[in-house]
Amino acid sequence: MAAPVNRKISAASARAHTRKTKPKSPFQLPSGLLKKILLVFFIGFLAWVYQAIRPPPPMKCGSADGPPVTASRIKLSDGRHLAYKEFGVPKDKSKYKIVYVHGFDSCKYDVVITETLSPNVVEGLGIYIVSFDRPGYGESDPNPNQREKSWALDIEELADQLGLGSKFYVTGFSMGGQVIWTCLKYIPHRLAGATLIAPAVNYWWPGLPTNLSKEAYDQQFLQDQWTLRVAHYLPWLTYWWNTQKWFPSFSLAAHSPAVLSRQDLELMLRRSSRKEYEAQVRQQGEYESLHRDLIMAFGTWEFDPMDLRNPFPNNEGSVHLWHGDDDLVVPVTLQRYIAQRLPWIHYHEVPGSGHMFPFADGMGDSILKALLIGKSSLP
């Protein structure tokens, strides 16, 4: 009889043989179905992202579902309409004709130089002013192809259709002041003179010293730094960034008093009421007005204003830049550098004043007298 075989079984092998097999979960999905579900969720997420970053179509004035047209408008060569408002003496009796460019979150009724402009100066000098809604604001059609050159060409065409003559003056405030740089670049031959009032500055203009730009940029509130950063580097995210609720919004768009100096706050109490027309400013959509304005102002420009040459080499006209030394919106250090870099600019720094200094008593008279008759003096 054969001897029994004595087999040795390891502890690990014994555990493997004695371990109970776990029952499979009745809810376990086949791997192919799980992949399909994940794919559906991923596509749904992409659809949500697309909807979140995609601006809504504009509510164009005069369209079936848009606001009514109530202002005078011209039709531009590309088919767009530009709404405008006239001030001062009748055009045919005027000696000086001025095209005024409004700032951010404003419209043709927001003409800062007329707030403190005395009737005696208007009548005595014969001043005619036309202000217009920039594309997407008020009652002017949006311009999806808007670029720096189109800003200047819109102004030139407005002047031609209104019969302002071969030469005219241009004046702009804040982001409207920034537009004046494009006139100096693209239509200098049409200008009799120009004034930039507290003009916005693009921190990414190549001609500005990096350390100076960074210092001025860092003075902005953190949420404003991010807003400008998005507008410059990720313009396609501008609509989402300015409509999301997770982070604070752009201070100027939110009308935050925190960005205003003490003098600004005092001057705002005297400012004429905007209630009658305030709803018109953004009526075609915030993207076509505010957001596109940010993209244009702080995106990559077609040219660098620091490279501009004097448009009036024979002193047949003049360019003026006015700025308050206590401006919390646009740091004065940038304007001081610009005035040094472009010495042909007549620089006027207003002591103790913030961004809203044009609303101070007598400023309208001082700004226009300097431009039109070369009489430079603070009120």
Side-chain angles (χ1 to χ4, degrees), residues 101 103 112-113 148 151-152 169-188 191-220 225 228 232 261 263-264 297-358 360 363 366-372 374-379:
V101 190
V112 299
I113 53 174
E148 290 77 29
W151 277 346
Y169 295 86
V170 289
T171 301
F173 171 64
S174 195
M175 281 194 188
Q178 196 181 46
V179 173
I180 304 304
W181 292 117
T182 71
C183 296
L184 296 172
K185 168 67 175 178
Y186 294 112
I187 57 168
L191 304 182
T195 295
L196 301 86
I197 307 170
V201 176
N202 186 323
Y203 299 100
W204 290 273
W205 283 340
L208 293 174
T210 304
N211 61 329
L212 192 65
S213 292
K214 185 179 185 305
E215 178 185 338
Y217 179 81
D218 289 344
Q219 292 177 29
Q220 308 300 304
Q225 293 181 28
L228 303 186
H232 181 78
S261 70
Q263 188 211 46
D264 288 339
F298 298 101
T300 301
W301 274 39
E302 299 169 334
F303 70 97
D304 185 353
M306 301 303 99
D307 294 333
L308 291 176
R309 295 184 178 183
N310 185 0
F312 307 112
N314 300 316
N315 295 321
E316 64 273 29
S318 58
V319 179
H320 298 258
L321 196 161
W322 293 74
H323 208 81
D325 68 355
D326 194 27
D327 193 326
L328 304 182
V329 178
V330 184
V332 69
T333 51
L334 297 174
Q335 311 294 12
R336 289 171 179 166
Y337 175 81
I338 291 172
Q340 290 180 338
R341 177 73 177 262
L342 306 175
W344 42 268
I345 288 180
H346 298 259
Y347 180 58
H348 312 263
E349 190 169 300
V350 188
S353 297
H355 197 67
M356 300 298 177
F357 75 89
M363 281 307 309
S366 296
I367 290 171
L368 289 192
K369 282 182 177 179
L371 173 65
L372 303 178
K375 186 177 180 181
S376 180
S377 63
L378 292 174

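What you see below is based on every heavy atom in this structure, not just the backbone, and it leaves out hydrogens, waters and symmetry mates. Sequential numbering from 1 along the given sequence is applied to the chain's residues.
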May I have the step-by-step check of side-chain contact (heavy atoms from CB on, under 4.5 Å) for Val201 and Ile338, ending in yes or no?
CA-CA 10 Å; Val201 176; Ile338 291 172; 4.2 Å; yes
Can you name the nearest heavy-atom pair linking [X] to [Y], along with the distance?
X	Y	answer
Trp205	Ala200	CH2-O, 4.2 Å
Asp327	Ala198	OD2-CB, 4.0 Å
Ala216	Thr333	CB-OG1, 4.4 Å
Leu342	Met306	CD2-O, 3.6 Å
Gln219	Glu215	CG-O, 3.3 Å
Asp325	Gly352	OD1-N, 2.7 Å

Going by the rule ring pair (Phe, Tyr, Trp, His ring centres under 6.0 Å), which residues pair with [X] if we only count those two or more places apart in sequence or in a different chain?
X	value
Tyr217	Tyr203, Trp204
His355	Phe173
Tyr347	none
Phe312	none

Rounded at 0.5 Å granularity, tell me how far OG1 in Thr195 sits from CG in Leu371.
3.5 Å
Quick one: CG on Asn310 to CG on Asn315, what's the gap to the nearest 0.5 Å?
7.5 Å
Is the shortest side-chain heavy-atom distance between [X] and [Y] below 4.5 Å?
X	Y	result
Ile197	Phe357	yes
Gln220	Pro331	yes
Trp344	Pro311	yes

Please identify each residue that fulfils salt bridge (charged side-chain N to carboxylate O under 4.0 Å, His left out) with [X], with sequence neighbours left out.
X	value
Glu349	Arg336
Glu316	none
Asp304	none

Walk me through it: do Tyr169 and Leu368 pass the test side-chain contact (heavy atoms from CB on, under 4.5 Å)?
CA-CA 10 Å; Tyr169 295 86; Leu368 289 192; over 6 Å; no
Polar side-chain atom of Gln335 near backbone of Pro199 as donor-acceptor pair, under 3.5 Å:
yes
Looking only at atom types and distance, does a side-chain atom of His348 sit under 3.5 Å from a main-chain N or O of Ile367, one as donor and one as acceptor?
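Checking the backbone N and O of Ile367 against the side chain of His348, no donor-acceptor pair under 3.5 Å is found.
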Run the side-chain contact (heavy atoms from CB on, under 4.5 Å) test on Leu196 and Val319 for me, step by step, so that the C-alpha distance in whole Å, both residues' side-chain angles and the decisive distance to 0.1 Å come before the verdict.
CA-CA 8 Å; Leu196 301 86; Val319 179; 3.9 Å; yes
Just jot down the side chain to side chain contact (heavy atoms under 4.5 Å, CB included) partners of [X], sequence neighbours excluded, or say none.
X	value
Ser318	His320, His346
Pro343	none
Asp218	Lys214, Gln225

Identify, with sequence neighbours excluded, every residue that meets side-chain hydrogen bond (donor to acceptor under 3.5 Å, both in side chains) alongside Ser353.
Gln263
Give the C-alpha distance, both sets of side-chain angles, the deciding distance and a yes or no for side-chain contact (heavy atoms from CB on, under 4.5 Å) between Tyr186 and Glu302.
CA-CA 11 Å; Tyr186 294 112; Glu302 299 169 334; 2.9 Å; yes
Donor-acceptor contacts, no H, no angles, side chain residues 175-184, under 3.5 Å, sequence neighbours left out:
from   : atom 1 : to     : atom 2 : distance (Å)
Gln178 : NE2    : Ala297 : O      : 3.3
Thr182 : OG1    : Val179 : O      : 2.6

